[in-house]
K.L.:
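Can you read through this structure? Questions will come right after.
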Amino acid sequence: MVKYSKLGESCIPETASYDEIPKPDGAGNHFIQGFGASAMKKRGFNSRSWIQIDRSGKSQTLAFDKFTLMRRCQLPARDLRLLDPLFVYPSTILGREKAIVVSLEQIRCIIMADEVLLMNSLDSSVLYYESELGQRLQASKDQNDDLPFEFKALELALELASASLESQATELEIEIYPVLDELASTISTINLEHVRRLKSHLLALTYRVQKIRDEIEHLMDDDGDMAEMYLTQKEDGMEAFQSTVRYSSSLEFCNTGFSRSAPASPTFSTSIIGPSKDDSSRSSLNNGSHVEELEMLLEAYFVVTDNTLSKLSSLKEYIDDTEDFINIKLDNVRNQLIQFELLLTAATFVVTIFAVVTGVFGMNFQDSVFDTPSNFNWVLILSGVFCGVLYLSFLLYVKHKRLLPL
């Protein structure tokens, strides 16, 4: 909507303000508001519930939208996508500049130097993580535990994930051995279906354990990734560097106050600020080269997941051995049926010869053989003996060639 100034002053149109735009009901432009809300929802502005756990172990439930969380944790959108429960991603541990992104089974959290943001859920693992981490943080105050805050949170996530997978593997092991033993003794459709379902569960569980093991191994093989996860040291180093810069700046200001006519010596300021940057870079290099603390923590859970994977591999081998045994057993039954069919076919051939002789003498024709009734008995006896000798010869030949275990 455009309005014009007075005729004598100017003919340039002036843009109307937002309040002067006509509205449907005089209260506000609900169409624009509704469109904005739906657009924001579609772009990911909808909030999710998170559990915040600070250094003291206190927790509270907060709601963050995606962009607020990105600014708060300084994470890209692709990292937050790994924590989205609407998507199915494998287990991941990512070290970033100011946060550690952890997605291990049901534990999805963002670990920072002074807090943990745990995705809220009704799952028992999430509730246990919240309570257990709070108890450990409160107990560590009196024990002088030197382990950084972020590693305590990461250790608990690894512990819960590995314990959950270990318990699932144990339950599967207890369930699968009796079923396989029963299948080995009695082959039935019900037992085969049960084993097929357990094998599918086993393969899925093996993939999940393998992914966590590979993720831990990848972190252990890369010192740079492990150095990125020392969030407390990086934060302390940054604060020390900033305080040094402020102190050097104040010294430089005091130095320039002594003589305003003479310019400040650039060598003096450089000599003060320069070592602070070198110390910061040297500290970063030390973090990259001295990661034994985190490496030992990861190695402990690498051993646990590797043992779980070995147990699942043994189950897989046992299933494969059972399947091989069943195939051998079925092949043996099939061979026995083939042998029986061979004997039956040979007997049918012999009987057919006897039936041919019987059929020939059953024809309606005149012959001197029929003049004596005893001749027919001799024909039957000779035909039977011939068929018996022929079948016996067949059996001796099969035994000689070892085609049948006679």
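When reading the values below, keep in mind they use all heavy atoms of this one structure, side chains included, and skip hydrogens, waters and symmetry mates.
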K.L.:
Partners of F354 by ring pair (Phe, Tyr, Trp, His ring centres under 6.0 Å), sequence neighbours excluded?
P.N.:
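Counting only residues at least two positions away or on another chain, F354 forms no ring pair (Phe, Tyr, Trp, His ring centres under 6.0 Å).
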
K.L.:
Can you tell me if K152 and S140 form a side-chain donor-acceptor pair at under 3.5 Å?
P.N.:
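Distance-only check passes for K152 and S140.
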
K.L.:
Under the rule for side chain to side chain contact (heavy atoms under 4.5 Å, CB included), what residues qualify as partners of E182, not counting sequence neighbours?
P.N.:
N191

K.L.:
Is any side-chain N of the basic residue among D84 and R108 closer than 4.0 Å to the acidic one's carboxylate O?
P.N.:
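Not counted as a salt bridge, because no side-chain N and carboxylate O are separated by less than 4.0 Å.
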
K.L.:
Which residues pass the side chain to side chain contact (heavy atoms under 4.5 Å, CB included) test with R402, sequence neighbours left out?
P.N.:
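R402: no side chain to side chain contact (heavy atoms under 4.5 Å, CB included) contacts found.
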
K.L.:
For residues 115-123, which side-chain N or O atoms pair as donor and acceptor with protein atoms under 3.5 Å away, sequence neighbours left out?
P.N.:
| unit_1 | atom_1 | unit_2 | atom_2 | d |
| --- | --- | --- | --- | --- |
| E115 | OE1 | Q52 | NE2 | 2.3 |
| E115 | OE1 | R72 | NH2 | 3.1 |
| E115 | OE2 | R72 | NE | 3.1 |
| E115 | OE2 | R72 | NH2 | 3.1 |
| N120 | ND2 | S49 | OG | 3.0 |
| S121 | OG | D123 | N | 3.2 |
| D123 | OD2 | S125 | N | 2.9 |
| D123 | OD2 | S125 | OG | 3.2 |

K.L.:
What's the separation between atom CG in L297 and atom CG in L147, rounded to the nearest 0.5 Å?
P.N.:
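Interatomic distance, L297 CG to L147 CG, rounded to 0.5 Å: 6.5 Å.
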
K.L.:
Any donor-acceptor pair under 3.5 Å linking the side chain of S103 with the backbone of V101?
P.N.:
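Such a contact is absent between S103 side chain and V101 backbone.
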
K.L.:
Ring pair (Phe, Tyr, Trp, His ring centres under 6.0 Å): which pairs involve residues 114-152, sequence neighbours left out?
P.N.:
F151-Y230

K.L.:
Applying ring pair (Phe, Tyr, Trp, His ring centres under 6.0 Å), name anything that partners Y177, two or more places apart in sequence or on another chain.
P.N.:
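Scan of Y177 (ring pair (Phe, Tyr, Trp, His ring centres under 6.0 Å), adjacent residues dropped) gives Y318.
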
K.L.:
Does the pair L75 and R96 meet the rule for a side chain to side chain contact (heavy atoms under 4.5 Å, CB included), with working shown?
P.N.:
CA-CA 8 Å; L75 292 174; R96 295 297 184 244; 3.6 Å; yes

K.L.:
Within the side chain of D65, is there an N or O that forms a donor-acceptor pair under 3.5 Å with the backbone of T68?
P.N.:
yes

K.L.:
Looking only at atom types and distance, does a side-chain atom of N332 sit under 3.5 Å from a main-chain N or O of I328, one as donor and one as acceptor?
P.N.:
no

K.L.:
Could you please spell out the steps behind the side chain to side chain contact (heavy atoms under 4.5 Å, CB included) verdict for R55 and L137?
P.N.:
CA-CA 7 Å; R55 283 179 174 271; L137 291 175; 5.9 Å; no

K.L.:
Answer yes when K211 and D214 have at least one side-chain N-carboxylate O distance shorter than 4.0 Å, and no when they do not.
P.N.:
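No, K211 and D214 are not salt-bridged.
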
K.L.:
For side chain to side chain donor-acceptor pair (under 3.5 Å), just list the numbers for S164 and E105, CA-CA rounded to whole Å, side-chain angles, deciding distance to a tenth of an Å, and then say yes or no.
P.N.:
CA-CA 9 Å; S164 174; E105 294 297 311; 5.2 Å; no

K.L.:
D54 side chain to G57 main-chain N or O, any donor-acceptor pair under 3.5 Å?
P.N.:
yes

K.L.:
Does any pair with a residue in residues 335-356 pass salt bridge (charged side-chain N to carboxylate O under 4.0 Å, His left out), and if so which ones, sequence neighbours excluded?
P.N.:
none

K.L.:
Which pairs pass side-chain hydrogen bond (donor to acceptor under 3.5 Å, both in side chains) with one or both residues in residues 195-205, sequence neighbours excluded?
P.N.:
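The answer is E193-R196, H194-R197, K199-E323.
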
K.L.:
Hey, is R213 close enough to D306 for a salt bridge, meaning N to O under 4.0 Å?
P.N.:
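A salt bridge links R213 with D306.
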
K.L.:
Ignoring hydrogens and geometry beyond distance, is a side-chain donor-acceptor pair present between E215 and S91 at under 3.5 Å?
P.N.:
no

K.L.:
Who pairs with L231 by side chain to side chain contact (heavy atoms under 4.5 Å, CB included), at least two apart in sequence or on another chain?
P.N.:
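Result, side chain to side chain contact (heavy atoms under 4.5 Å, CB included) vs L231: I100, A113, E150, K234.
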
K.L.:
So which pairs with a foot in residues 162-171 pass salt bridge (charged side-chain N to carboxylate O under 4.0 Å, His left out), sequence neighbours left out?
P.N.:
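Found E166-K311.
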
K.L.:
A quick test of your reading: do over 12 heavy atoms of other residues, nucleotides or ligands sit less than 6.0 Å from NZ of K329?
P.N.:
yes

K.L.:
Any chance you could lay out the salt bridge (charged side-chain N to carboxylate O under 4.0 Å, His left out) test for E159 and R136, step after step, and finish with the verdict?
P.N.:
CA-CA 13 Å; E159 179 182 338; R136 292 188 182 186; 2.8 Å; yes

K.L.:
Among pairs that include at least one residue of residues 379-388, which meet salt bridge (charged side-chain N to carboxylate O under 4.0 Å, His left out), considering only residues two or more places apart or in two chains?
P.N.:
none

K.L.:
Would you check if I110 and D79 make a side-chain contact, meaning some heavy-atom pair closer than 4.5 Å?
P.N.:
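Not in contact.
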
K.L.:
Salt bridge (charged side-chain N to carboxylate O under 4.0 Å, His left out) with D225: which residues, sequence neighbours excluded?
P.N.:
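None.
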
